[in-house]
Amino acid sequence: MKDVAAMAGVSLSTVSRVVNGSPPVAPELAVKVERAVEMLGYRHNHTAGTLRRANGLSGSLGLIIEDVSNPFFSAVHRGIEEVARTRSVVTFAGSSDEDAEREHALIEAVLARRVDGLIVVPTAADHTYLLRDVANGLGLVFVDRPAQSIDADSVLSDNRGGAQRAVEHLLAHGHRRIAFVGPPPTLYTARERLAGYRAALAPAGLSELVRHAVEPADAYGAVLGLLDSDHAPTALFTSQNLITIEALRALHGRGRQHEIAHVGFDDIVLASAIDPAVTVIAQDPVGLGRAAAELLFSRLDGFVGPSRRVELPTPLVVRGSGELRPPG
């Protein structure tokens, strides 16, 4: 910064205001500083600046999600960034891959970089190790799934209600053999969606037909097995976006897409472009991210009230596949 100041012929404080975006700086002085910065290849040391800053904030957040390549979690990330950008805050993201040890390691890594807040899609059962950080001012929000061991803000979708609406929609179109294809109920979202499926079937006195896919690719074989069974379903409810894609591959591969009704949980790319278009229970992942970021920043702004739980609605989007009626 001293070199930049000397080349620009300005004071060190003027350089500091320009690189930190802190007005007022006369436009002609700002141009001189920016030219010197470019010529010298200067890059602002944000970490060092944090050590000198009165409030001690780093202007950064940590985000730990299941998988950054999953379009759903990419959209959650986008929603968080949209809010963070308005405050000139940077978001660091990492994938836990549903591995509790990896999640812990990632959290420790971002905390070591002195992030101001942490947003987590939780995999591990125990997050009590974060209590000291929260007591020291860390903003903490859980998104998509609530924490099990620590009292913290959370932002969720209406998983159970959405799944129940999906199955009730199939029932209303005459189906009585409705299969559930989804992840094992080890995660909160999977348990809630399976519970919604069961809640819809129970009043009708219908039997469950459940298949679990440990990995999304397993859903392809699971759906083929259902189609080939003696008591094949007339309708499918797939409880996760990647599983919905595999189910569609199976249905279209067998040429059964116009015979078997299908409702998925989570929207998917090109859902309205295939034939028939896919009826879904739609989540709002960008909205989840925005809400999580807003809760976190309210903590950083001084809110000290009890933990809050925000639940976003999951509407049914009717497109065609869920409206097919059973044979006869």
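These values consider heavy atoms only, across backbone and side chains, with no hydrogens, waters or symmetry-generated copies.
- Between Lys32 and Glu28 there is no salt bridge, since no side-chain nitrogen of the basic residue lies less than 4.0 Å from a carboxylate oxygen of the acidic one.
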- [ ] Output, in order, the C-alpha distance, side-chain angles, deciding distance and verdict of side-chain contact (heavy atoms from CB on, under 4.5 Å) for Val120 and Glu103.
- [x] CA-CA 9 Å; Val120 182; Glu103 177 192 85; 4.0 Å; yes
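- Evaluated for a side chain to side chain donor-acceptor pair (under 3.5 Å) with Thr238, the options His262, Arg193, Glu246 yield exactly one hit, His262.
- Proximity of a side-chain donor or acceptor of Ser272 to a complementary backbone N or O of Ala277 within less than 3.5 Å is not detected.
- Annotation: side chain to side chain contact (heavy atoms under 4.5 Å, CB included) contacts of Ala166 (sequence neighbours excluded): Phe237, Val263, Ile281.
- No donor-acceptor pair under 3.5 Å is formed between the side chain of Asp97 and the backbone N or O of Asp99.
- Looking only at side-chain heavy atoms (C-beta outward), Pro233 and Ile260 stay at 4.5 Å or farther from each other.
- Distance alone, capped at 3.5 Å, places no donor-acceptor pair between the Tyr188 side chain and the Pro122 backbone.
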TODO: Take Phe297 and Leu61, measure what side-chain contact (heavy atoms from CB on, under 4.5 Å) needs, and give me the verdict at the end.
DONE: CA-CA 10 Å; Phe297 282 117; Leu61 303 177; 3.9 Å; yes
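- Linking Ile, Leu, Val, Met, Phe, Trp and Tyr residues whenever their side-chain heavy atoms come within less than 4.5 Å leaves Ile119 and Val110 in two separate clusters.
- Between the side chains of Thr314 and Arg165, a donor-acceptor pair is found at a separation under 3.5 Å.
- Not a single donor-acceptor pair under 3.5 Å links the side chain of Glu215 to the backbone N or O of Ala217.
- Side-chain atoms of Ser60 never come within 3.5 Å of backbone atoms of Thr91 as a donor-acceptor pair (strictly under, hydrogens ignored).
- Contact annotation: the side chain of Ser96 never approaches that of Val121 to less than 4.5 Å [non-hydrogen atoms, C-beta and beyond].
- Side-chain atoms of Asp301 and Arg87, non-hydrogen and from C-beta on, do get closer than 4.5 Å to each other.
- With a 4.5 Å cut-off on side-chain heavy atoms, Thr189 and Arg145 count as touching.
- The closest side-chain heavy-atom distance from Val280 to Arg319 is below 4.5 Å.
- In this structure, Ile268 is not a member of the same hydrophobic cluster as Val181, with clusters built from ILVMFWY side-chain heavy atoms closer than 4.5 Å.
- With hydrophobic clusters built from ILVMFWY side chains whose heavy atoms lie under 4.5 angstrom apart, Val33 shares a cluster with Met39.
- Counting only heavy atoms from C-beta outward, the side chains of His104 and Glu108 approach each other to under 4.5 Å.
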Open item on the list: As a quick check of understanding, evaluate side-chain contact (heavy atoms from CB on, under 4.5 Å) for Glu66 and Thr123, giving each step before the final call.
Closed with: CA-CA 8 Å; Glu66 176 193 333; Thr123 292; 5.8 Å; no
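- Both tests pass for Arg249 against the ring of Tyr220: distance under 6.0 Å to the centre and angle within 45° of the axis.
- In terms of hydrophobic clustering, with Ile, Leu, Val, Met, Phe, Trp and Tyr side chains grouped at heavy-atom distances under 4.5 Å, Leu63 and Val83 are assigned to a common cluster.
- In this structure a side-chain-to-backbone donor-acceptor pair under 3.5 Å is present from Arg325 to His173.
- Counting only heavy atoms from C-beta outward, the side chains of Thr279 and Leu316 approach each other to under 4.5 Å.
- With a 4.5 Å cut-off on side-chain heavy atoms, His252 and Ile274 count as touching.
- In this structure, Asp116 contributes its side chain and Gly59 its backbone to a donor-acceptor pair below 3.5 Å.
- We find that Asp284 and Arg290 are not joined by a salt bridge, their nearest charged nitrogen and carboxylate oxygen being 4.0 Å or further apart.
- Although no hydrogens or angles enter the test, the distance criterion places no donor-acceptor pair under 3.5 Å between the side chain of Ser16 and the main chain of Ser13.
- With sequence neighbours excluded, the residues that form a ring-ring contact (aromatic ring centres under 6.0 Å, His included) with Phe142 are His127.
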TODO: Could you please spell out the steps behind the side-chain contact (heavy atoms from CB on, under 4.5 Å) verdict for Leu118 and Leu130?
DONE: CA-CA 10 Å; Leu118 188 62; Leu130 290 171; 4.2 Å; yes
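- Formation of a donor-acceptor pair under 3.5 Å by the Glu323 side chain with backbone atoms of Gly320 is found in this model.
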